[in-house]
K.L.:
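One structure coming up, written as structure tokens, with questions to follow.
Computed from a predicted structure; not experimentally measured.
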Amino acid sequence: MADTWATSEALGIDLHLEPTAGPGLRRGLTDALREAVRTGRLAPGTRLPSSRSLSADLGIARNTVADAYADLVAEGWLTARQGSGTRVAEGRSTPPTATAPTRRPRPRPTHDLTAGTPDLAAFPRAEWLKAARRALNTAPYDVLGYGDPRGRIELRTALATYLSRARGVRADPERIVICAGFPHGLRLLGTVLRARGARTIAVESFGLPEHRKILAATGLTTTPLPFDELGTDPEELTDAGAVLLTPAHQFPMGAVLHRSRRAAVVDWARRTGGLVLEDDYDGEFRYDRQPVGALQGLDPDHVVYLGTASKSLAPGLRLAWLVLPPALVEPVTRAKGDVDTCGVLDQLTLAEFLAHGAHDRHVRASRLRYRRRRDALVTALAERAPDVQVTGVAAGLHAVLRLPPGTEASVVQAAHWQGLSLHGLAYFRHEQATAEPLDALVVGYATPPDHAWAGALEALCRVLP
């Protein structure tokens, strides 16, 4: 039986060509190959199928393919070497005409001190690879299907155990939904809140503007709450449908929400039927004492717990989770869609990583590394910039440096000239916040790799007043 396209040479290479039919088949094939190379569809160095494989795929004689290859080798479009097959020659393609103006890439800063990113060079590759191998070797075939839209049960079970133990979350695998990163989870919650009739959501006076944009895109108006030495003040929570808080370690101010205000915000939710969205973005990283437990533990029926692997591991994993009140599980799952939209292999790997203790070991090692960096920052500032004060509790991946009044803009500009990437506090301030403006820098001391931290700290000290 003659080979067909579907069965010939299982180890061959697929190549889409449409040669001209008829008596000039060799010429039609040659022209089609030449055009594919000339237009750049076949990039320089691309290996072509063997003459036997391509002839079977196209249903033509093998000699026709071999002759077409030989013609193009002679013309310089292809190269053929013993043992390496037939390849596209270098320098013969014509780049496609640009359809839109190209954007010039921004120059990379010498030192990245933006807040919110862990030391990516410290990602536990060896342990992650071990977990990935275990997950893939033990996973049944059906896990590679579309799956439960809430996410893999293995990960939801591992998260329920870990969050209950490490963060005081009252978690049940049936009430956990896995998301493709924190922004995805926040967008789902905003969509559900809007569908339930909410018009406004209260937020903190200082926070990520990207989060406010996500909520606005779902149709919600964000209103800022006052902020003082006790943290965000919930007294002005009135007709808002929900409130977004970072109670364990306020971002970026670095305060822990006072216990009286933790109780007050939960009481508001119970009294009004409102919803508290708890962003526990770096809750594992406290350096002077045991971290405060999650707010969700006070009332799982009125608090949504939002967690992420972005700070403990890496944002590129795009894995986050929502621990939901029972009444929200179905609407959030429906908003996510009919199938799981997160990579199943990464979910299974993280489940293994959690279950075998690798996550705890990595967090504890990271906690020690970041504490040493924060201590070095505090020491350097005391010696070289005594007018700059480090505020907030000893926790998280960043520090807020209070500057002399009126100096923030000039210091941020000087940092830019020194190749330092960082933000002033004004970047995080809600445009409607009523608190007095503060001059400060938000410095992410976790972001640089270990070998670059000393240089980044030296560059930072040079720009401070």
Side-chain angles (χ1 to χ4, degrees), residues 116-167 169 171-189 210 214 279-285 304-324 329 332-333 335-366 397 446-447:
T117 303
D119 180 358
L120 301 180
F123 182 82
R125 299 187 184 212
E127 289 292 333
W128 188 261
L129 183 58
K130 291 179 184 177
R133 285 172 172 164
R134 288 195 303 267
L136 193 57
N137 285 337
T138 59
Y141 297 127
D142 62 359
V143 306
L144 299 176
Y146 289 107
D148 189 326
R150 292 174 297 175
R152 288 302 309 173
I153 185 60
E154 296 89 344
L155 178 54
R156 291 188 282 121
T157 301
L159 281 170
T161 300
Y162 171 75
L163 294 173
S164 298
R165 168 174 56 82
R167 298 297 299 126
V169 175
D172 182 322
E174 297 303 309
R175 295 196 289 109
I176 295 177
V177 173
I178 307 302
C179 306
F182 181 91
H184 180 212
L186 188 61
R187 188 177 301 110
L188 291 176
L189 290 170
E210 291 84 354
I214 289 171
D279 177 5
D280 196 33
Y281 75 103
D282 64 358
E284 297 100 337
F285 297 107
V304 176
Y305 178 90
L306 297 94
T308 175
S310 296
K311 307 302 181 286
S312 60
L313 288 166
L317 293 177
R318 308 314 304 145
L319 286 175
W321 40 90
L322 308 176
V323 183
L324 298 162
V329 174
V332 169
T333 303
K336 188 182 177 188
D338 295 331
V339 297
D340 192 3
T341 55
C342 304
V344 64
L345 296 182
D346 280 341
Q347 289 188 61
L348 294 175
T349 299
L350 181 55
E352 287 283 334
F353 199 76
L354 287 163
H356 285 77
H359 186 270
D360 285 89
R361 292 190 295 272
H362 174 69
V363 166
R364 294 177 73 88
S366 300
L397 312 182
T447 308

K.L.:
If the condition is side chain to side chain donor-acceptor pair (under 3.5 Å), which residues does Asp360 pass it with, not counting sequence neighbours?
P.N.:
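Partners of Asp360 by the side chain to side chain donor-acceptor pair (under 3.5 Å) criterion, ordered by chain and then number, come out as Arg165.
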
K.L.:
What is the minimum heavy-atom distance between Ala180 and Cys342, and which atoms define it?
P.N.:
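Looks like N-SG, 3.4 Å.
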
K.L.:
Please round to the nearest 0.5 Å and tell me the distance separating atom CZ of Phe182 and atom CG of Asp279.
P.N.:
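With rounding to 0.5 Å, CZ (Phe182) is 3.5 Å from CG (Asp279).
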
K.L.:
Taking the side chain as every heavy atom from C-beta outward, state whether Pro173 and Thr157 have any atom pair closer than 4.5 Å.
P.N.:
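Yes - at least one pair of side-chain heavy atoms lies under 4.5 Å apart.
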
K.L.:
Could you list all the salt bridge (charged side-chain N to carboxylate O under 4.0 Å, His left out) pairs where at least one residue sits in residues 174-184, not counting sequence neighbours?
P.N.:
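The answer is Arg150-Glu174.
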
K.L.:
After noting the C-alpha distance and the side-chain angles of Asp148 and Ile153, does the key distance pass the side-chain contact (heavy atoms from CB on, under 4.5 Å) rule?
P.N.:
CA-CA 8 Å; Asp148 189 326; Ile153 185 60; over 6 Å; no

K.L.:
Applying side-chain contact (heavy atoms from CB on, under 4.5 Å) to Leu348 and Leu155, what does each step give before you reach the verdict?
P.N.:
CA-CA 6 Å; Leu348 294 175; Leu155 178 54; over 6 Å; no

K.L.:
If you take all heavy atoms of Leu324 and Leu189, which pair is closest and at what distance?
P.N.:
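Looking at all heavy atoms of both residues, the shortest contact is CD2-CD2, 4.0 Å.
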
K.L.:
If you look only at distance, which donor and acceptor atoms sit under 3.5 Å apart when one is on a side chain in residues 135-144 and the other is two or more places apart or in another chain?
P.N.:
residue, atom, partner, partner atom, Å
Asn137, ND2, Arg133, O, 3.1
Thr138, OG1, Arg134, O, 2.7

K.L.:
Would you call Arg156 and Asp172 a salt bridge, taking side-chain N to carboxylate O under 4.0 Å as the test?
P.N.:
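Salt bridge absent between Arg156 and Asp172.
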
K.L.:
Between Leu188 and Cys179, what is the shortest heavy-atom contact and its length?
P.N.:
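Minimum heavy-atom separation between Leu188 and Cys179: CD1-SG, 4.1 Å.
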
K.L.:
Measuring from atom OG1 of Thr117 to atom CG of Leu397, what distance do you get when rounded to the nearest 0.5 angstrom?
P.N.:
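So the OG1 of Thr117 and the CG of Leu397 are separated by 8.5 Å.
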
K.L.:
Leu306 pairs by side-chain contact (heavy atoms from CB on, under 4.5 Å) with which of Asp280, Leu322, Val323?
P.N.:
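Of Asp280, Leu322, Val323, side-chain contact (heavy atoms from CB on, under 4.5 Å) with Leu306 is met by Leu322 alone.
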
K.L.:
Is any side-chain heavy atom of Ser310 closer than 4.5 Å to a side-chain heavy atom of Pro118?
P.N.:
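With C-beta onward as the side chain, the pair stays apart.
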
K.L.:
So, using side chain to side chain donor-acceptor pair (under 3.5 Å) as the criterion, who are the partners of Lys336 when residues are at least two apart?
P.N.:
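Listed in chain order: Asp340.
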
K.L.:
For Ser164 and Ala160, which heavy atoms make the closest approach, and how far apart are they?
P.N.:
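Ser164 and Ala160 have their closest heavy atoms at OG-O, 2.8 Å.
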
K.L.:
State plainly whether the residues Glu284 and Arg167 are in salt-bridge range, i.e. N to O under 4.0 Å.
P.N.:
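A salt bridge is absent here (no side-chain N lies under 4.0 Å from a carboxylate O).
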
K.L.:
Considering all heavy atoms of both residues, which atom of Thr349 and which atom of Ala131 are nearest to each other, and what is their separation?
P.N.:
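Scanning both residues completely, I find the closest heavy atoms to be O-CB, 3.7 Å.
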
K.L.:
Measure the CD1-CH2 distance between Ile176 and Trp321 for me, rounded to the nearest 0.5 Å.
P.N.:
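So the CD1 of Ile176 and the CH2 of Trp321 are separated by 9.5 Å.
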
K.L.:
With the side chain counted from C-beta on, respond yes when Leu350 and Asp346 share a heavy-atom pair under 4.5 Å apart, and no when they do not.
P.N.:
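Not touching, per the 4.5 Å side-chain cut-off.
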
K.L.:
What pairs meet the ring pair (Phe, Tyr, Trp, His ring centres under 6.0 Å) rule with one or both residues in residues 340-361, with sequence neighbours excluded?
P.N.:
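For residues 340-361: Trp128-Phe353, Tyr162-His359.
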
K.L.:
Between OG1 of Thr308 and CG of Leu317, what distance do you get to the nearest 0.5 Å?
P.N.:
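Here the rounded value is 8.5 Å.
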
K.L.:
Has Gln347 got a side-chain atom pairing as donor or acceptor with Arg152's backbone, closer than 3.5 angstrom?
P.N.:
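Yes; judged by distance alone, with no hydrogens or angles, the pair exists.
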
K.L.:
Under the rule for side chain to side chain donor-acceptor pair (under 3.5 Å), what residues qualify as partners of Arg318, not counting sequence neighbours?
P.N.:
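Scan of Arg318 (side chain to side chain donor-acceptor pair (under 3.5 Å), adjacent residues dropped) gives none.
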
K.L.:
Where do Leu313 and Phe123 come nearest, in terms of heavy atoms and distance?
P.N.:
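What the structure gives for the nearest pair is O-CD1, 3.9 Å.
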
K.L.:
Do Thr161 and Leu354 have side chains that approach each other closer than 4.5 Å (heavy atoms only, starting at C-beta)?
P.N.:
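A side-chain contact under 4.5 Å is absent here.
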
